[in-house]
Participant: 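Below are the structure tokens for one structure; questions will follow.
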Number of protein chains: 2
Amino acid sequence: MEAFAVPDLPEIEEGDDIGALVAERVDLREDDVVLVASTVVSKAEGRAYDLDDFPPGPRAREIAARITEIAGDEEERDPRFAQAVLEESNELLMEAPFLLTETRFGHVGVNAGIDRSNTGGADLLLLPRRPSESAARIRDSLPVDAPVVVTDTSGRPFRHGQVGVALGWDGVPASRDWRGETDRDGHELEVTVESVVDELAATANLVTGEGDDGTPVVVVRDWAFGDHEGSENLFREVQGDFVREALRGWEFDG
Amino acid sequence: MEAFAVPDLPEIEEGDDIGALVAERVDLREDDVVLVASTVVSKAEGRAYDLDDFPPGPRAREIAARITEIAGDEEERDPRFAQAVLEESNELLMEAPFLLTETRFGHVGVNAGIDRSNTGGADLLLLPRRPSESAARIRDSLPVDAPVVVTDTSGRPFRHGQVGVALGWDGVPASRDWRGETDRDGHELEVTVESVVDELAATANLVTGEGDDGTPVVVVRDWAFGDHEGSENLFREVQGDFVREALRGWEFDG
């Protein structure tokens, strides 16, 4: 398996055809996986906004006041920012000391994944509205049949630091399902579902790093999903997500 | 960057020199990253046990009884298994419907990462006692200076499925620290710490998959940590880990 960044991409702007820009620079092969950072997908889709686009309601004001009290960073204290996060979210899992929410497409992340650096001049860059649909559109514009994954970076409980994760995907299942398969001793495997799109996103992030440096697209070559069942679930159902349940009953008091 | 499985490794047994076995099969280059599945590290280190090695105390009996009530899997209902998990753990974060603990070396995982498939004939395969020390020993036995990462797979809150993660590492920092670095517009980056050892482990797991199929060691070639600050933290401190705090106050009642 090989992974490399697509060279010499221009700064992506609203309306750009990311698939065409990639295909002009790489001789794509069938089954190459094309991993696209959500920042450039958002830019192409016109998801840049100014803070003034989000006049805050009472709940956003309340959240921002609470975060101000705790001393969140400058942007987090702005009720317009809280309003933007609320509008992008299905559910708030934590309101303080920072906003942890489930986005409208199911991903759980801090501040609904809204970016405030590398926004191309706007105040805010929202995540793509439906990243799997974005992946499908980019895939359609490629000259060969290659899976596409829209990626972001995300922190996680229990472990320091961020890693690359998938937000949307098309042309590859989210996970390999090993249920019923056995190990070398003939015992059924305990790990039953492997989230390959997240692992692909982690691989892409290793190659590009966070600065992007103009390399927001990575190609993974000579990797095969293999002869396994696939699953399209990446985001946990609320039912059985005990951490989410615990957070619902928790209040920051630090 | 390239990633490939080390071919034709024998079944690893207690006392085996994993570094030597790898070096016989791959012409390792300086700065290749060698990723070794914790299962084979555990086997080489004699971490296979029988359930009878863990005579259960009252707490293990209580936990197993609770899990039996909820209908955990067969092994989880055995108080000897609960005892083994307790002995491998610093802290229990959840006791039901399954045991989620912090292992003695800081990793948070289900059942303290104790394996019950691919154990090489024993009932249980415990994680390496100190995986970063294991990584250092394997690194010392390589003919070139190449970083070593000991890997496992792990589930995570909010997201379905498991991904490859690092348990121990030597010769590469756990994370790249981007603090103070800026994006193309000159804004300071929001993501400040990238957990590269976890991303390397995810890459390795993409190549091997879960069945292992006799490929528990992966080499990542032509990847560079780059000119960044490094950090040795991978496991979060209790202080500031809000999910852990929330779990401490939570009780399963399903």
Side-chain angles (χ1 to χ4, degrees), chain A residues 1-4 94 108 115-118 120-121 153 156-165 174-176 178 181 183-185 187-191 193-196 198-200 202-203 205-207 209-212 214 223 226 231 233-236 241-247 249-250 252, chain B residues 1-4 94 108 115-118 120-121 153 156-165 174-176 178 181 183-185 187-191 193-196 198-200 202-203 205-207 209-212 214 223 226 231 233-236 241-247 249-250 252:
Chain A
M1 182 183 97
E2 194 191 345
F4 57 90
M94 284 172 56
V108 172
D115 236 320
R116 292 164 292 167
S117 71
N118 221 332
T153 53
R156 54 266 162 88
F158 311 134
R159 302 177 82 81
H160 264 298
Q162 304 215 343
V163 293
V165 295
S175 308
R176 281 172 180 154
W178 301 81
E181 300 187 37
D183 66 19
R184 294 213 277 190
D185 306 335
H187 295 119
E188 201 149 312
L189 292 170
E190 290 178 46
V191 174
V193 178
E194 178 195 359
S195 171
V196 292
D198 277 345
E199 292 182 331
L200 287 161
T203 301
N205 203 47
L206 264 184
V207 173
E210 189 52 39
D212 280 8
W223 173 77
S231 151
N233 293 333
L234 182 62
F235 309 118
R236 274 187 197 263
D241 187 347
F242 304 114
V243 165
R244 184 185 298 222
E245 201 177 302
L247 280 173
W250 176 83
F252 177 72
Chain B
M1 181 183 97
E2 194 192 343
F4 56 90
M94 283 172 57
V108 172
D115 236 319
R116 292 164 292 167
S117 71
N118 221 333
T153 52
R156 55 265 162 89
F158 312 133
R159 302 177 80 82
H160 264 299
Q162 304 215 343
V163 292
V165 295
S175 306
R176 280 173 181 155
W178 302 81
E181 300 187 35
D183 66 19
R184 294 212 276 188
D185 306 335
H187 295 120
E188 201 151 312
L189 293 171
E190 289 179 46
V191 174
V193 179
E194 177 195 358
S195 171
V196 293
D198 276 344
E199 292 181 332
L200 287 161
T203 302
N205 202 48
L206 264 183
V207 172
E210 190 52 38
D212 279 9
W223 174 77
S231 151
N233 292 333
L234 183 62
F235 308 119
R236 275 187 198 263
D241 187 346
F242 304 115
V243 166
R244 184 186 297 220
E245 203 177 300
L247 280 173
W250 176 82
F252 177 72

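Being a predicted model, the structure only gives us computed values, none of them experimental. Letters A, B, ... are given to chains in the order of the sequence lines, protein chains preceding strands, and every chain is numbered from 1.
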Participant: Most heavy-atom pairs under 4.5 angstrom with chain B, which of A:R159, A:E245, A:M94?
Facilitator: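 If we count pairs closer than 4.5 Å to chain B, A:R159 comes out on top.
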
Participant: May I ask you to name which of B:V196, B:V165, B:L234, B:L200 has the most heavy-atom pairs under 4.5 Å with chain A?
Facilitator: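 Highest number of heavy-atom pairs under 4.5 Å: B:L234.
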
Participant: Looking only at non-hydrogen atoms, find the nearest pair between B:P157 and A:F158 and report the distance.
Facilitator: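 Looking at all heavy atoms of both residues, the closest pair is CG-CE1, 4.0 Å.
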
Participant: At a heavy-atom separation under 4.5 Å, does B:N233 approach chain A through its side chain, its backbone, both, or neither?
Facilitator: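 Both the backbone and the side chain of B:N233 come within 4.5 Å of chain A.
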
Participant: Can you say whether B:F242 sits under 4.5 Å from chain A via the side chain, the backbone, both, or neither, judging by heavy atoms?
Facilitator: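 Both backbone and side chain.
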
Participant: So how far is it from A:D198 CG to B:Q162 CD, rounded to the nearest 0.5 Å?
Facilitator: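 Spacing of CG (A:D198) from CD (B:Q162) equals 12.5 Å.
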
Participant: As an exercise: rank A:G226, A:S231, A:A174, A:G161 by heavy-atom pairs under 4.5 Å with chain B and give me the winner.
Facilitator: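 Looking at each of A:G226, A:S231, A:A174, A:G161 in turn, A:G161 comes out on top.
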
Participant: Between B:E199, B:R244, B:R156, who has the most heavy-atom pairs with chain A when the cutoff is under 4.5 Å?
Facilitator: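 Highest number of heavy-atom pairs under 4.5 Å: B:E199.
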
Participant: Checking side chain to side chain contact (heavy atoms under 4.5 Å, CB included) for the pair A:E194/B:N205: CA distance, chi angles, key distance, verdict?
Facilitator: CA-CA 9 Å; A:E194 178 195 359; B:N205 202 48; 3.2 Å; yes

Participant: Just so I understand: if I count every heavy-atom pair under 4.5 Å between each of B:L206, B:V163, B:T203 and chain A, which residue has the most?
Facilitator: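 Result: the option with the highest number of such pairs is B:L206.
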
